[in-house]
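Just the heavy atoms: all of them, side chains too, but no hydrogens, waters or symmetry mates, feed the values below. Sequence positions, counted from 1, serve as the residue numbers for this chain.
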Amino acid sequence: MALYEDKIEQALTYLKSPSKLSPTGNSPIVYMTYQPEDVFTVRGLLNTYLAPKAEYYGFTPHYISLNAIIDDFITKHEYLDIWTDPSVTEEEMYESIKQEIARSRCIEKGILAIQDKYMDEEHPLIVIMDVEMLHPFYMMGVIENAIYNQVKIPMLVLYPGENQGTARSFMGVYNQDGNYRSINF
């Protein structure tokens with residue numbers, strides 16, 4: 001657990017004073033990677049460690065659940081009756097949901113809408129959790145690339161997987177993806 005507490009501390013320290021010298025430009029978005037099997041350990045740190053530490057650094061943390069965004073999208077979608085029809089195979093259902101999420105950009109729009117909600121707050125911090133719920137529909141790298149230049153509020157993404165440099169491996173299921181511009185902790 002001390003490993004994750006250290007990562008949270010490093011991420012918050014960085015977000016408090018991000019580097020402005022990168023030639024690729026920096027948005028205030030960072031990742032804290034953790035082993036997928038430690039999801040409950042990391043969840044336990046949200047209120048017991050992350051929130052008080054964020055407040056110590058002057059941030060007001062707000063949690064975004066990607067699960068809630070995806071669930072809201074699916075349950076309100078016009079295809080819900082088709083997706084829940086017993087004649088539709090699981091593979092067809094997942095593929096259709098995946099296509100609709102990509103087409104609509106609902107996750108990107110959801111994150112940016114939540115960011116807009118806190119723009120007038122003095123020192124907000126958005127903590128993105130439930131990233132594992134993207135599987136098998138979408139990838140966090142696609143989301144980050146779409147919103148990177150629009151991120152104005154510090155964001156900490158709790159990312160289940162491993163990292164090497166800026167490359168990440170989502171949940172140990174996918175190969176290393178080096179298409180991230182943000183920093184890993």
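- With hydrogens and angles ignored, the 3.5 Å screen pairs a side-chain donor or acceptor of Ser104 with a backbone N or O of Glu100.
- Cation-pi check for Lys16 over Phe59 is met; the charged atom lies under 6.0 angstrom from the ring centroid and within 45 degrees of its normal.
- With sequence neighbours excluded, the residues that form a side chain to side chain contact (heavy atoms under 4.5 Å, CB included) with Lys152 are Gln115, Met119.
- With no hydrogens or angles considered, no side-chain donor-acceptor pair links Ser65 and Asn67 at under 3.5 Å.
- A 6.0 Å sphere centred on CD of Glu37 holds more than 12 heavy atoms belonging to other residues, nucleotides or ligands.
- Remark: of the listed residues Ile143, Ile147, Ile128, Ile143 is the sole one forming a side-chain contact (heavy atoms from CB on, under 4.5 Å) with Ile107.
- Remark: Tyr57 pairs with no residue by the ring pair (Phe, Tyr, Trp, His ring centres under 6.0 Å) rule, at least two apart or across chains.
- Not one N or O on the side chain of Glu121 forms a donor-acceptor pair closer than 3.5 Å with the backbone of Tyr118.
- For Tyr49, the side-chain hydrogen bond (donor to acceptor under 3.5 Å, both in side chains) test picks out Glu9, with sequence neighbours left out.
- In this structure, the side chain to side chain contact (heavy atoms under 4.5 Å, CB included) partners of Arg43, at least two apart in sequence or on a different chain, are Leu46, Met129, Asp130.
- Residues Tyr31 and Phe185 keep their aromatic ring centres 6.0 Å or farther apart.
- With values rounded to the nearest 0.5 angstrom, Lys109 atom NZ is found 12.5 Å from Ile69 atom CD1.
- Here His77 pairs with Phe73, Tyr79, Trp83 under the ring pair (Phe, Tyr, Trp, His ring centres under 6.0 Å) rule; sequence neighbours left out.
- A donor-acceptor contact closer than 3.5 angstrom links the side chains of Glu92 and Thr89.
- Val42 meets the side chain to side chain contact (heavy atoms under 4.5 Å, CB included) test with Tyr4, Met32, Tyr34, Leu158; sequence neighbours excluded.
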